Amino acid sequence: MSATLWFTPWKPGPAADVAPGGSDGSADGAAVVSVTEFIPHRPLTAVGVTVEGIALRRIWQDLEGAVGLWLWVDPDPFRPRSGSVSVWRTEPDLRAFVARRDHMRIVRSYRDRGSMRATTWQTDGFDMDATQEAARALLSGRSAWPA
């Protein structure tokens, strides 16, 4: 795994103010964090996945229950990886997004073009910096993916 991970700026969703925190990105309310990783079989496939992720990011402010999102990429030219770190108000909000027609279309079109894994966890008080650090540790291999 490459040590380099690039994250897009935080994109707040409509639920970002449900449990407002300070300017440090902390919040008082519970949240669900989802981390995804896609590793294409062929490096050029990474371009299409990235374009699709950016298209979904553009509608983020319209997604019910979305607290916020980072897209991330490992730019290794021979073994690129990419994915997202999304934060949701509740597990049903996350499931509703996963079941969306546009999301399902992307998943189906790339299902056989690489390997995908994801994990989620619940937090009692969302902290932006702590969440990104936990995701970085997972994606860089400093923390193990749950079995």
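Quick note: numbers below take in every heavy atom, side chains included, and nothing from hydrogens, waters or symmetry partners. Given the structure is predicted, the values throughout are model-derived calculations rather than measurements.
- Nearest heavy-atom pair, R89 versus V67, reported as atom, atom and distance to 0.1 Å: N-CG2, 3.7 Å.
- No more than 12 heavy atoms of other residues, nucleotides or ligands lie within 6.0 Å of CD in E64, so this atom counts as exposed by the packing criterion.
- Across all non-hydrogen atoms, the minimal contact from V32 to T120 is CG1-CB, 4.5 Å.
- In the hydrophobic clustering of ILVMFWY residues, with side-chain heavy atoms under 4.5 Å counting as a link, F97 and F126 come out apart.
- Each side chain to side chain donor-acceptor pair (under 3.5 Å) pair with one or both residues in residues 45-54, not counting sequence neighbours, appears once here: E52-R105.
- In this structure S84 satisfies the side-chain hydrogen bond (donor to acceptor under 3.5 Å, both in side chains) test together with T36, sequence neighbours excluded.
- Annotation: side-chain contact (heavy atoms from CB on, under 4.5 Å) contacts of P146 (sequence neighbours excluded): T119, L138.
- Linking Ile, Leu, Val, Met, Phe, Trp and Tyr whenever their side-chain heavy atoms come within less than 4.5 Å puts V49 and I54 in one cluster.
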| request: For side-chain contact (heavy atoms from CB on, under 4.5 Å), just list the numbers for H103 and V98, CA-CA rounded to whole Å, side-chain angles, deciding distance to a tenth of an Å, and then say yes or no. | output: CA-CA 6 Å; H103 182 260; V98 169; 4.2 Å; yes
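- In this structure, the side-chain hydrogen bond (donor to acceptor under 3.5 Å, both in side chains) partners of S86, at least two apart in sequence or on a different chain, are W88.
- Note: the hydrophobic cluster containing L94 does not contain V107 (ILVMFWY, side chain heavy atoms under 4.5 Å, direct or indirect links).
- Applying the side-chain contact (heavy atoms from CB on, under 4.5 Å) rule to W6 yields the partners T4, V73, P75; only residues at least two apart in sequence or on another chain are considered.
- In this structure, D127 CG and E133 CD are separated by 11.0 Å, a value rounded to the nearest 0.5 Å.
- Considering only heavy atoms from C-beta on, L69 stays 4.5 Å or farther from L63 through its side chain.
- Contacts of R79 classified as side-chain hydrogen bond (donor to acceptor under 3.5 Å, both in side chains), with partners at least two apart in sequence or in another chain: none.
- Under a hydrophobic clustering in which Ile, Leu, Val, Met, Phe, Trp and Tyr are joined whenever their side-chain heavy atoms come within less than 4.5 Å, directly or via other members, W145 and V85 fall into the same cluster.
- Under the side-chain contact (heavy atoms from CB on, under 4.5 Å) criterion, P12 pairs with W10, A16, sequence neighbours left out.
- Side-chain contact between L5 and R136: present, with at least one pair of heavy atoms (C-beta onward) separated by less than 4.5 Å.
- P80 and P40 make their closest contact through O-CD, 3.2 Å (heavy atoms, listed as atom of the first residue, atom of the second, distance).
- In this structure, L56 is not a member of the same hydrophobic cluster as W70, with clusters built from ILVMFWY side-chain heavy atoms closer than 4.5 Å.
- With values rounded to the nearest 0.5 angstrom, E37 atom CD is found 8.5 Å from D74 atom CG.
- When all heavy atoms are compared, the tightest approach of W72 to L139 is CZ2-CD2, 3.3 Å.
- Counting only residues at least two apart or on different chains, no side chain to side chain donor-acceptor pair (under 3.5 Å) pair has a member in residues 107-116.
- For Q61, the side-chain hydrogen bond (donor to acceptor under 3.5 Å, both in side chains) test picks out K11, with sequence neighbours left out.
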